[in-house]
Structure formats: C-alpha cells, structure tokens
2 protein chains.
Amino acid sequence: MDIQLKRGLLDVCVLAAIKNEDSYGYKIIKDLKPYIELSQSTLYTILKRLETAHMLTVHTVEHDGRLRKYYHITEEGIKRIDDFKNEWNEILTIYRFVVKEDEEDV
Amino acid sequence: MDIQLKRGLLDVCVLAAIKNEDSYGYKIIKDLKPYIELSQSTLYTILKRLETAHMLTVHTVEHDGRLRKYYHITEEGIKRIDDFKNEWNEILTIYRFVVKEDEEDV
DNA sequence: AAGTAATACTTCGTGATACGATGTATTACA
DNA sequence: TGTAATACATCGTATCACGAAGTATTACTT
C-alpha cells in the first residue's frame with residue numbers, strides 16, 4: 001500500500017490494537033499484520049509518540065526472564081479513536097469526489 | 001482534519017481535479033476547497049512532484065496578459081487514480097478493524 | 001487617483017514522520 | 001551447534017505539508 005495512505009491510519013491502528021487489552025510491541029505487530037504491516041522501528045517510534053502525547057501509558061513486566069513493555073490506552077487515546085471515526089466522514093467525502101471525477105467520462 | 005490522514009489523498013485529489021479538464025493552480029485550490037483545503041505552497045509542491053513522476057504535463061497559456069500554467073493528466077496519472085481505488089479496499093479493511101476493536105466493549 | 005481584494009505563480013525553511021539498518025539479548029527447537 | 005523466534009532500542013535519511021514571504025497583474029471600491 002502507498003506509504004502516504006498509511007499515515008494517519010497507523011497511530012489509530014496501534015491504539016485500536018491495545019484498546020481492549022494491554023499489549024506489547026512484538027504482539028502488536030503480529031496482531032496488526034493482517035491489516036497493516038509495520039516494522040519494529042516504525043512501531044516503537046509510534047509508541048513513543050503516543051506515550052509523549054499521553055494517549056497510552058507503559059508498564060514493564062517480567063516475562064520468562066526477560067522484560068516486556070506493556071502499553072495501556074488512556075482516555076485521551078480512546079478519544080483519539082473517536083476523533084478518527086468522525087474524520088472518517090471527511091475521508092469518505094474526499095473518496096467520493098475522486099471516484100466521481102474518475103467516472104465522469106466512463 | 002488530521003494532517004496525516006490527508007497525505008495520500010492529496011495527490012489523488014489533485015489528479016482527480018484535472019482529470020476531466022486541464023486546470024491551473026489557483027483553480028484547483030478553489031475546486032478542491034469543499035473537499036479538502038490546501039495552501040498554495042502545498043499545491044505547487046504537489047504539482048511539481050506529480051510532474052516529476054510523469055503523472056501530468058504542463059503547458060503555459062497567456063490569459064488576460066498574464067501567464068497561466070495548465071496541468072494535463074497523463075496515462076500514468078490516470079493509472080495512479082486506479083491504483084488508489086484498489087488501495088481503497090485495504091483502507092476500508094483497516095477502518096473496519098479500528099471500529100471493530102472500538103466497539104468490542106460498548 | 002488611491003487603495004484593497006482577487007488572481008496567479010515561486011521559493012525557502014522547518015518540523016514531522018516512516019522506515020531501513022543495525023545492535024543487544026534471551027528462549028525454543030532442530 | 002546453530003538458527004529461528006521473541007523483544008526492545010537507536011541512528012540516519014528521504015519525503016512531505018505548510019507557513020511565510022515575495023512578485024506581479026487585474027478588478028473593484030471609495
């Protein structure tokens with residue numbers, strides 16, 4: 001998929017991935033794989049960004065002798081998903097414009 | 001609207017705006033305004049990028065004593081719109097994932 | 001006649017971002 | 001013994017949207 005189209009979707013996808021259950025980096029990548037592929041460097045960049053924006057909190061848990069960083073969504077993170085759902089209507093309007101122009105002469 | 005969400009849509013919108021009739025910068029901005037707002041600096045950056053990518057061609061026409069640069073879509077530009085329409089299904093899948101996760105506990 | 005809005009294109013600088021490359025470290029399995 | 005899987009971190013880079021500022025003409029308003 002076009003890189004540019006992914007932008008704007010990535011943050012929300014990550015938030016959606018941790019919304020119902022706290023999760024950690026490696027699992028998030030695997031969970032999202034069927035929908036959107038993202039590399040580790042991309043994911044950790046996003047997680048750090050979302051943490052700075054207070055959309056999630058982090059807590060470290062020991063698991064099988066190694067550390068895992070679990071990410072927990074905050075109220076602001078939930079609001080971010082809501083905002084996205086509202087913005088979706090604008091996206092749809094734009095999509096319809098493109099299709100309309102495209103089919104005008106078919 | 002979220003800046004990131006606009007990315008990926010911008011290029012295609014501009015191409016859609018010139019698809020049925022050659023147009024020029026100032027008019028493109030006005031035509032797109034109801035759907036997506038973009039500044040002059042943004043638009044001209046996009047037009048230059050699309051020209052470099054051979055998705056459109058430029059020809060200058062004198063109009064009322066001043067020069068106007070008309071943009072004409074190419075086959076590749078038309079293909080770009082087609083590609084976008086295909087990618088739209090992936091976007092929809094992602095959208096549905098976000099909504100599904102979001103409504104799981106409602 | 002003077003001033004302002006609209007038309008029309010250009011360039012510069014900047015912050016945000018996705019991602020490849022690379023590194024570290026442990027566990028599981030062949 | 002080796003390799004894949006698990007798990008997180010950092011650096012550098014190219015791309016990009018956009019504000020700011022500039023240039024120049026036409027059209028209107030006062």
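- Inter-residue side-chain proximity for A/I73 and A/M55 is flagged as unmet; no heavy-atom pair is nearer than 4.5 Å.
- Ionic pairing of A/D2 and A/K6 is not present here: no N-O contact between side-chain nitrogen and carboxylate oxygen is shorter than 4.0 angstrom.
- Heavy-atom nearest nucleotides on DNA chain D were determined for B/K6 and for B/R66, and the one closer to the 5' end corresponds to B/K6.
- Taking atom CZ of B/R68 as the reference point, atom C1' of C/dT10 lies 17 Å away to the nearest angstrom.
- Atom NZ in B/K27 sits about 12 Å away from atom P in C/dT7, given to the nearest Å.
- When each of B/H63, B/R68, B/K69 is paired with B/Y24, the side chain to side chain donor-acceptor pair (under 3.5 Å) condition holds for B/R68 and for no other.
- Looking at heavy atoms from C-beta onward, A/V58 lies in side-chain contact with A/E51 at the 4.5 angstrom threshold.
- In this entry the distance linking CD of A/Q4 with C1' of C/dA16 reads 12 Å, nearest Å.
- Between B/Y71 and B/L47 the shortest side-chain heavy-atom distance falls below 4.5 Å.
- Nucleotides of DNA chain D with any atom under 4.0 Å from a heavy atom of chain A span, from 5' to 3', D/dA5 to D/dC16.
- A donor-acceptor contact shorter than 3.5 Å is absent between the side chain of B/D11 and the backbone of B/L50.
- For the segment residues 29-50 of chain A, the set of residues with a heavy atom within less than 4.0 Å of an atom of DNA chain D comprises A/K30, A/Q40, A/S41, A/Y44, A/K48, in numerical order.
- In this structure, CZ of B/R7 is placed 9 Å from P of C/dT17, rounded to the nearest angstrom.
- Nucleic acid contact for A/K69: sugar-phosphate only, since backbone atoms but no base atoms lie under 4.0 Å from a heavy atom of the residue.
- A/I18 is not listed as a side-chain neighbour of A/H72, based on a closest heavy-atom distance of 4.5 Å or more.
- The distance from atom CG of A/L67 to atom P of C/dA25 is 13 Å, rounded to the nearest whole Å.
- The shortest distance between side-chain heavy atoms of A/H59 and A/D22 falls below 4.5 Å.
- Atom CG of A/L10 and atom P of C/dC19 are 6 Å apart (whole Å).
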Exercise for review: Would you sort out whether A/T42 and A/S39 count as a side chain to side chain donor-acceptor pair (under 3.5 Å), showing the intermediate values?
Suggested key: CA-CA 5 Å; A/T42 301; A/S39 66; 2.9 Å; yes

